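If you're wondering where the values come from, they're calculated on a predicted model, not measured in any experiment.
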Amino acid sequence: MSDNALQLTVHRMTWEADNVLSVELVHPEGKPLPEWTPGAHIDVEAGAHTRQYSLCGDPRDTGRYRIGVLDEPASRGGSRYVHSKLRPGQQLTVSEPRNHFALEDAPAYLFVAGGIGVTPLLAMAREAAARGSRRRFVYGGRSRGSMAFTEELAAFGGELTLVPQDQLGHIDLDPALAGLPDDTLVYACGPAPLLAAVEERCPAERLRLERFSAPVVEQTGADEAFEVECRASGLTLQVGPDSSILRAAEEAGLSVNSSCQEGICGSCETRVLDGTPDHRDFLLSEAEHAAGTTMMICVSRRASGRLVLDL
């Protein structure tokens, strides 16, 4: 966690659906919290784990953050800690908000949520309603009882379609995406199969995604070893073919923020001072990849020339 980490108090925990808790965090001295925008998330130290949770409250309320946490037995332990150990009055260490899934200006939006993927889209739907934009929200879950924040979504107005799988099956994306007006942006968050299905049906320039996990990518050819100059520390790292810049930095004693190590959370984003990265993350946009000013050092490598980073 960075030096700008916040120590916040758990103010309230509320059951929002089966196995879904919302957690409200406040400053222990009642101070206003750093601003955020819809789509932002915070890193949370959940016991021995650091996990990312989308902020799903109201950005205009500077006195509290709210996250939604699914109790997922197959998770790596963060959600289990929140559900089994965390209680009101305790303190949590969290990062300041950061946003790689920002709500861009558009006349109209289609939001597609699967399960706990509703959390970043909830704040977006609130903002779209405040802007007076046209909006549709399609939300699928295992059952109606497992689908959190449905009453809040309904209160925002616009067209809301709830698709509990045990009653209606999976979301039928064809009618949802067919004939999409040219002025509509599509925001989707949820399990990998849902996002893959949305990607198949929606033009890439109109689609914005946030993933729970990195998709499987077939690697062609072996990686090569390379050097990285760390300008801030004065070190030069040797990155092996089976290693990563992040691992080499940690082995050299550098303190680097990291969490997912899959190129999807943004914790390890590092400024590029010189050289061309080989981007392998699933977070930065095509334009950001082309600019090459930052990179995710947990997965990305050097494309050519000497790579100099602000480490």
Taking salt bridge (Lys or Arg N to Asp or Glu O under 4.0 Å) as the test, write out the residues that go with Asp172, two or more places apart.
none
Side-chain contact test, heavy atoms from C-beta onward, threshold under 4.5 Å: evaluate it for Leu246 versus Gln261 and give yes or no.
yes
Can a salt bridge be assigned to the pair Arg135 and Glu159 using a cut-off of 4.0 Å between side-chain N and carboxylate O?
no
Closest non-hydrogen atom pair, Pro38 against Pro59:
CD-CG, 4.0 Å
Treat each ILVMFWY residue as a node, draw an edge where side-chain heavy atoms are under 4.5 Å apart, and state whether Met13 and Val26 are in one component.
no
With the threshold set at 4.0 Å, does a side-chain nitrogen-carboxylate oxygen contact exist between Arg60 and Glu127?
yes
Charged N-O contact under 4.0 Å between Arg80 and Asp71:
yes
Is the shortest distance from a Lys or Arg side-chain nitrogen in Arg271 or Asp310 to a carboxylate oxygen in the other one below 4.0 Å?
yes
How about Leu307 and Val228: do any of their side-chain heavy atoms sit closer than 4.5 Å?
yes
Working note: Val308 + Val272, criterion side-chain contact (heavy atoms from CB on, under 4.5 Å); need CA distance, chi angles, decisive distance, verdict.
CA-CA 6 Å; Val308 182; Val272 178; over 6 Å; no
Under a 3.5 Å distance rule, please check whether Glu251 uses its side chain to pair with a backbone N or O of Ala248 as donor and acceptor.
no
Is there side-chain contact between Ile297 and Ser244, with at least one heavy-atom pair below 4.5 Å?
no
Salt-bridge test for Arg98 and Glu35: reply yes if a basic N is under 4.0 Å from a carboxylate O, no otherwise.
no
For Thr294 and Glu269, test the side chains for any donor-to-acceptor distance below 3.5 angstrom and give the result as yes or no.
yes
Can you confirm whether Ser54 sits close enough to Glu210 that some side-chain heavy atom of one is under 4.5 Å from a side-chain heavy atom of the other?
yes
Regarding Ser22 and Glu16, do their side chains bring together a donor and an acceptor under 3.5 Å, going by distance alone?
yes
Are Phe226 and Ile245 packed together at the side-chain level, in the sense that at least one heavy-atom pair is separated by less than 4.5 angstrom?
yes
When you compare the side chain of Leu283 with that of Met296, does any pair of heavy atoms fall below 4.5 Å?
yes
Strictly by modelled atom types, are Tyr109 and Arg208 linked by a side-chain donor-acceptor pair under 3.5 Å?
no
Residue pair Thr37, Asn99: steps toward the side chain to side chain donor-acceptor pair (under 3.5 Å) verdict:
CA-CA 7 Å; Thr37 54; Asn99 198 343; 2.9 Å; yes
Are Leu195 and Leu110 connected, step by step, through hydrophobic side chains (Ile, Leu, Val, Met, Phe, Trp, Tyr) whose heavy atoms are closer than 4.5 Å?
yes
Under the side-chain contact (heavy atoms from CB on, under 4.5 Å) rule, what do Leu185 and Glu104 come out as? Steps first, then yes or no, please.
CA-CA 8 Å; Leu185 288 181; Glu104 301 172 25; 3.9 Å; yes
Can a salt bridge be assigned to the pair Asp274 and Arg231 using a cut-off of 4.0 Å between side-chain N and carboxylate O?
no
Minimal heavy-atom distance between Ser79 and Tyr53, with the atoms involved, is N-OH, 3.6 Å
With a 4.5 Å heavy-atom cut-off, do Asn19 and Leu70 have their side chains touching?
yes
Is there a donor-acceptor pair closer than 3.5 Å between any side-chain N or O of Thr93 and the backbone N or O of Gln7?
no
Do Arg301 and Asp223 have side chains that get closer than 4.5 Å, going by heavy atoms?
yes
List the steps and the verdict of side-chain contact (heavy atoms from CB on, under 4.5 Å) for Cys230 and Leu309.
CA-CA 5 Å; Cys230 301; Leu309 302 180; 5.6 Å; no
For Ser258 and Cys298, run side-chain contact (heavy atoms from CB on, under 4.5 Å): C-alpha distance rounded to whole Å, both residues' side-chain angles, the deciding distance at 0.1 Å, then the answer.
CA-CA 8 Å; Ser258 69; Cys298 64; 5.8 Å; no
Donor-acceptor pairs under 3.5 angstrom involving side-chain atoms of residues 136-155: please list them, not counting sequence neighbours.
from, atom 1, to, atom 2, distance (Å)
Arg136, NH1, Ala176, O, 3.4
Arg136, NH2, Ala176, O, 2.8
Tyr139, OH, Ala148, N, 2.9
Tyr139, OH, Ala148, O, 3.1
Ser143, OG, Ser146, N, 3.4
Ser146, OG, Arg142, N, 3.4
Ser146, OG, Ser143, N, 3.1
Ser146, OG, Ser143, O, 2.8
Glu152, OE1, Arg66, NH2, 3.1
Glu152, OE1, Arg126, NH2, 3.1
Glu152, OE2, Arg66, NH1, 2.8
Glu152, OE2, Arg66, NH2, 3.2

